[in-house]
Amino acid sequence: MNITLIPGNGIGPEIVSSTRKIIDSMKLDIKWDEKHITTRTLTDDLIDSIKSNKVALKGPLATPIGHGHKSLNVQLRQAFKLGVNFRPVEDLRSDLDLVIFRENTEGLYIGEEIKISEDEYHANRIITRQASSNIITAAFEYAKRHNRKKVTLVHKANILKLTDGLFLSVGKEISASYKDIEFESLIVDNMCMQLVLKPSQFDVIVAPNLYGDILSDLCAGLIGGLGVVPGANLSDEIAIFEAVHGTAPDIAGKDLANPISLLLSACLMLDHIGYKAHAKMLRTAIKQAVNNNQTTKDLGGHHTCTSFTDYIINQLEVLNVESFND
Ligand code: NAI
């Protein structure tokens, strides 16, 4: 099948090339439709490629800070109505295992800001019943399918009584249909502290856009950094897989980037397109590498991105995919 491949900016081309080499070494029926983004808005060529392939693997894209064009990541999520941002947080060295469902199309990320005067600016924040219902249902459905015990909804409805109030009330309504799954709600500031103190108390977390984004990075910090948390942006039709981290300009071009986050995103992609045994085998190779300290420097190892890639390819050669079939 054809998959749109977006190398992106900064460390993007390094980790995308690493991931492509590793996936190609498994000799699957995958053809890459490579698209470089060099414009400030999405081109027809890119949109057509994603529309027809329905699956994309993407490197991070840079967004100018404090000025300039609207984030291309946000443009992609909005163009394809990718309302569900799914981010599993699994510590490869311990048994911490939680997942974050982040609403992906609205909240403050609509990017609607207005200038009142030189000294005053306003930002709009949108929460709708439909988008809230989509993300909260996705979280509960995931919990049901994967035998997860609890869904924790994160909000700030004590202050944002209308917007987060709506998100919370939709959560309460939906939870009533999932009697076997425990439901709790926590105010976002308390949630941050609880995650740092005792992350193992959480299972499935669902949050509006900004809180979900911040909590993902906090969770990444708990398990070794941004180099290890994957993500998927999903609608009913289209799936775009990408690392949680950004372009890491401080290490770009130095062969220091950790490709694990994108590799684990590629595992989610392999699950999605039906290569579940290959996804399991690749996850196993990554986990073994981390537990044997065969990692890039951010995780304390000695590998460059290139040598880590070769190491994983060698590991995959000695694993037998048949033994990963359920
Ligand atoms: P960042 O995630 O790029 O980097 C934060 C820190 O984590 C840096 O010290 C970086 O070296 C480290 N890091 C990140 N990924 C790593 C990896 N794979 N291996 C080793 N170390 C890694 O966040 P920052 O610096 O705030 O953002 C840089 C740019 O990325 C901005 O333009 C931002 O808009 C963009 N961005 C893009 C995203 C996307 O395309 N989905 C997501 C987040 C940020």
Side-chain angles (χ1 to χ4, degrees), residues 4-19 22 35-40 42 46 50 56-80 82 84-87 89 92 100 102 104-105 108-109 111 209-210 212-234 239-266 268-269 286 289-290 294-309 312:
T4 305
L5 185 69
I6 304 168
N9 313 123
I11 59 169
E14 298 165 62
I15 57 173
V16 166
S17 148
S18 157
T19 302
I22 290 169
K35 298 286 171 205
H36 291 266
I37 301 185
T38 51
T39 48
R40 293 164 170 213
L42 306 176
L46 176 70
I50 297 175
L57 181 66
K58 116 173 222 307
L61 294 167
T63 309
I65 294 173
H67 64 91
H69 63 85
K70 182 171 173 176
S71 159
L72 281 152
N73 297 308
V74 173
Q75 290 185 48
L76 271 172
R77 291 165 196 166
Q78 290 174 345
F80 291 105
L82 303 168
V84 173
N85 188 198
F86 169 67
R87 294 174 160 182
V89 180
L92 300 166
I100 297 176
R102 163 197 176 199
N104 217 15
T105 50
L108 278 169
Y109 285 67
N209 207 334
L210 181 62
D213 199 16
I214 294 170
L215 292 178
S216 310
D217 275 33
L218 189 158
C219 288
L222 296 173
I223 62 164
L226 281 165
V228 287
V229 183
N233 302 287
L234 307 166
I240 301 183
F241 298 88
E242 65 174 338
V244 164
H245 62 72
T247 57
D250 50 337
I251 57 167
K254 297 179 181 164
D255 206 11
L256 291 173
N258 181 356
I260 288 180
S261 181
L262 191 67
L263 278 172
L264 292 174
S265 308
L268 297 176
M269 181 190 82
I286 294 167
V290 170
Q294 297 288 338
T295 65
T296 44
K297 289 198 176 120
D298 54 306
L299 294 185
H302 63 280
H303 277 296
T304 60
C305 183
T306 307
S307 68
F308 179 77
T309 306
I312 294 289

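Remember, it's 1-based here, ligands and their atoms both numbered in the order they're listed. We're numbering straight along the sequence, starting at 1.
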- Taking atom 32 (O) of ligand 1 as the reference point, the nearest protein heavy atom with its distance: Thr63 N, 2.9 Å

- Query: Protein heavy atoms: any of them under 4.0 Å from atom 26 (O) of ligand 1?
  - Reply: no

- Query: Under 4.0 Å from any heavy atom of Asn258, which atoms of ligand 1 are there?
  - Reply: 17 (C), 18 (N), 19 (N), 20 (C)

- Residue, atom name and distance, where the atom is the protein heavy atom closest to atom 5 (C) of ligand 1: Leu226 CD1, 3.7 Å

- Item | Identified side-chain hydrogen bond (donor to acceptor under 3.5 Å, both in side chains) partner of Asn233 from the options Lys58, Glu242, Arg102 | Glu242

- Query: Nearest non-hydrogen atom to atom 30 (O) of ligand 1 belongs to which of Ile11, Ile6, Thr247, Val74?
  - Reply: Thr247

- Task: Decide whether an N or O pair under 3.5 Å exists between Ile251 and ligand 1.
- Result: no

- Query: Hey, are the side chains of Ile240 and Ile6 touching, using non-hydrogen atoms and a 4.5 Å cut-off?
  - Reply: no

- Take every heavy atom of Pro249, measure it against each atom of ligand 1, and state whether any distance is under 4.0 Å. yes

- Item | Gly212 to Ser216 - nearest heavy-atom pair and separation | O-OG, 2.6 Å

- Any donor-acceptor N/O pair, Asn104 side chain to Asn209 backbone, under 3.5 Å: no

- Is there a donor-acceptor pair under 3.5 Å between the side chain of Asp255 and the backbone N or O of Thr306? yes

- Please determine if Ala62 has a nitrogen or oxygen closer than 3.5 Å to a nitrogen or oxygen of ligand 1. no

- Nearest candidate to atom 40 (O) of ligand 1, where distance is taken over non-hydrogen atoms, out of Leu61, Asn85, Ile260: Leu61

- Whether Gln294 side chain and Phe308 backbone form a donor-acceptor pair below 3.5 Å: no

- In the protein, what heavy atom is nearest to atom 39 (C) of ligand 1, and what distance, to one decimal place, separates them? Asn73 ND2, 3.2 Å

- Which option, Leu256, Leu299, Asp250, owns the non-hydrogen atom nearest atom 10 (C) of ligand 1? Asp250

- Query: Donor-acceptor pair, Ser261 side chain versus Val229 backbone, under 3.5 Å?
  - Reply: yes

- Message: Considering non-hydrogen atoms of the protein only, which is the closest contact for atom 41 (N) of ligand 1, and what is the distance?
- Response: Glu242 OE1, 3.1 Å

- Do any heavy atoms of Val244 fall under 4.0 Å from ligand 1? yes

- A student comparing Ala248, Ala252, Cys305 should find that the heavy atom closest to atom 3 (O) of ligand 1 comes from Ala248

- So is there a nitrogen or oxygen of Gly246 less than 3.5 Å from a nitrogen or oxygen in ligand 1? yes

- Item | Check: Pro259 main-chain N/O paired with Glu14 side-chain donor or acceptor under 3.5 Å | no

- Message: Whether Asp217 and Arg87 form a salt bridge (side-chain N of Lys/Arg under 4.0 Å from carboxylate O of Asp/Glu) is what I want to check.
- Response: no

- Sub-4.0 Å protein heavy atom next to atom 1 (P) of ligand 1: yes

- Note on the structure: ligand 1 atoms nearer than 4.0 angstrom to some heavy atom of Lys58 are 40 (O), 41 (N)

- Task: Measure from the side-chain N and O atoms of Thr4 to the backbone N and O of Ala56, and report whether any donor-acceptor pair falls under 3.5 Å.
- Result: no

- Item | Atom pair OG/CD1 of Ser71 and Ile65 - distance to nearest 0.5 Å | 11.0 Å

- Note on the structure: for atom 14 (C) of ligand 1, nearest protein heavy atom and its distance come out as His245 CB, 3.7 Å

